[in-house]
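To keep things clear, I will list the structure first and then write my remarks on it.
A, B, ... follow the sequence lines: proteins, then strands. Residue 1 opens every chain. These numbers come from the heavy atoms of this one structure, side chains and all, not from hydrogens, waters or symmetry mates.
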Number of protein chains: 2
Amino acid sequence: MPQPPPSGPPPVTPEADTDPSAIGRRVRALRAARGISLSALARQAGVGKATLSGLENGTRNPTLETLYAITAHLGVPLTAVLSGPTTGPTVRGAAVSATLLEVFEDSDATYELYRMRVAPGPGQLSPAHQAGVTEHVTVFTGVLRAGPADEPLTAAAGGHLRWTSDVPHVYAAVGDDEVTASLLLRYPRSKEGHLINASRR
Amino acid sequence: MPQPPPSGPPPVTPEADTDPSAIGRRVRALRAARGISLSALARQAGVGKATLSGLENGTRNPTLETLYAITAHLGVPLTAVLSGPTTGPTVRGAAVSATLLEVFEDSDATYELYRMRVAPGPGQLSPAHQAGVTEHVTVFTGVLRAGPADEPLTAAAGGHLRWTSDVPHVYAAVGDDEVTASLLLRYPRSKEGHLINASRR
DNA sequence: CTCGATCGTTCCGTTTACGGAACAGGAATG
DNA sequence: CATTCCTGTTCCGTAAACGGAACGATCGAG
């Protein structure tokens, strides 16, 4: 399974460049593609020409606000100038590879939605997560056996599995076909609610 | 400070936020999900505690470098803390908005994975799809009533619904909270072949 | 209770990203 | 030719993001 989150060494996304010069090149390319001058874009986006020039040349480490003002005016999402379009770390294990599609948080929990593939073969064992974490899997293709190591569940295409993953758990493809599925990890909000310190100050 | 986008008024993405407080909340949620303290994350990511504290509280406008150092150590892409990696097409109805995250094809069916939001209120009725289409919903937050119009099902956070949507079906949030969920549509490869039989393949 | 460790916030000096202005080069106009 | 407008870069004072240190609060151990 993905060992993305929990405590880790550098789980690391090798790619994901925030390399300023790469970002600068993309911004410049986008601007050139639209035939807008640096001066014009700076003026319209409400940033200084010096800022935009430095950004495009990679000699600055822009602020989110600045970068957003520019990309918004280019009509592209911020992600368009951050590493490739294929942003999103893919974590791999012996049998499982998972790509983080989206992170979602609300008042009760944080959710991470992955696209998961399980290769046929011996399967993979993942260590326990912290208490209260639950996993939800919807199988698209193939047959998946997954769940607590001592009591795995099985689902075929269209099926759905759910378990509490605070114990070691397994993923394995049943049969010779690769399994594709969506994986939703739910991390309950840390119970120690000293967030209540909302006392104004 | 730059005003976001005077141009292309984004009709959608009501919260195309680089809103610093929203980013701060997401970072804090991700950190909490991993059970790491602010001090520890700051130390590991090589940023000052003051920086991380201010970032999480929305009182700072971080540079890319800072934000990347933090998200990298959380094991998530930068996009995870920005409003959305989801630049995909969004479909809207009276109560439901859904963003297409990914499309999968295999020999038996085509799958479309959506992130769905259902606003509180009267709900929404959708017409029947073609024969054999099934819908799978995993609820993240709120309580959802959905399914065939004459026989809807109900699920709360963490719950899962599945039905065959070749009849008119409904979506409605139960209670006053917006529902967020993932929606998987499965379109079986047309057996009735009113298009397919044109040429075998 | 006292002590020590760690939590998250706030204070503060340093660094740097910011926008405005000044600058050199190029293209179009008279 | 000079003039004018534009381009993109560089200079510079100001605002603010940065990391380190100090702070009060909280928790666990003795």
Find the distance [X]:[atom1] to [N]:[atom2] and express it as a whole number of Å.
X	N	atom1	atom2	value
A:Glu56	D:dT9	CD	P	7 Å
B:Leu67	D:dA17	CG	C1'	13 Å
B:Leu52	D:dG20	CG	C1'	15 Å
B:Gln44	C:dT6	CD	P	13 Å
A:Arg43	C:dG20	CZ	P	12 Å
A:Lys49	C:dA17	NZ	C1'	18 Å
B:Arg28	C:dG8	CZ	P	8 Å
B:Glu65	C:dT16	CD	C1'	11 Å

| query | Considering heavy-atom distances to DNA chain C, does A:Thr63 or B:Ser39 have its closest nucleotide positioned more toward the 5' end? | reply |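 Its nearest nucleotide lies further toward 5', so the answer is B:Ser39.
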
side-chain N/O [X] vs [N] OP1/OP2, d < 4.0 Å:
X	N	value
A:Ser53	D:dT9	yes
A:Arg31	D:dG8	yes
B:Arg60	D:dA16	no
A:Asn61	C:dT16	no

| Applying the side-chain hydrogen bond (donor to acceptor under 3.5 Å, both in side chains) test to B:Glu56, which of B:Arg25, B:Arg26, B:Arg28 qualifies? |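 So the option named by the test is B:Arg28.
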
| task | Look at all strands and tell whether A:Thr51 reaches a base, only sugar-phosphate, or nothing, counting heavy atoms closer than 4.0 Å. | result |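 Answer is base: heavy atoms of A:Thr51 come under 4.0 Å of a base.
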
| task | May I ask you to check whether over 12 heavy atoms, not counting those of A:Asp176, lie within 6.0 Å of atom CG? | result |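 No, not enclosed.
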
| note | From the candidates C:dG20, D:dT9, C:dT9, the one with an atom nearest any side-chain atom of A:Leu38 is D:dT9

| request: Kindly point out which of D:dC18, C:dC18, D:dG8 is positioned nearest to the side chain of A:Thr66? | output: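 Within the option list, the nearest is C:dC18.
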
| B:His169 side chain vs B:Val167 backbone, donor-acceptor pair below 3.5 Å |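 Pair found, side chain donor or acceptor close to backbone of B:Val167.
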
| Does the A:Thr71 side chain pair with the main chain of A:Leu67, one donor and one acceptor, at a distance under 3.5 Å? |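 Yes; at least one donor-acceptor contact below 3.5 Å.
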
| field | Salt bridge present between A:Glu135 and A:Arg186 (N-O < 4.0 angstrom) | value | no

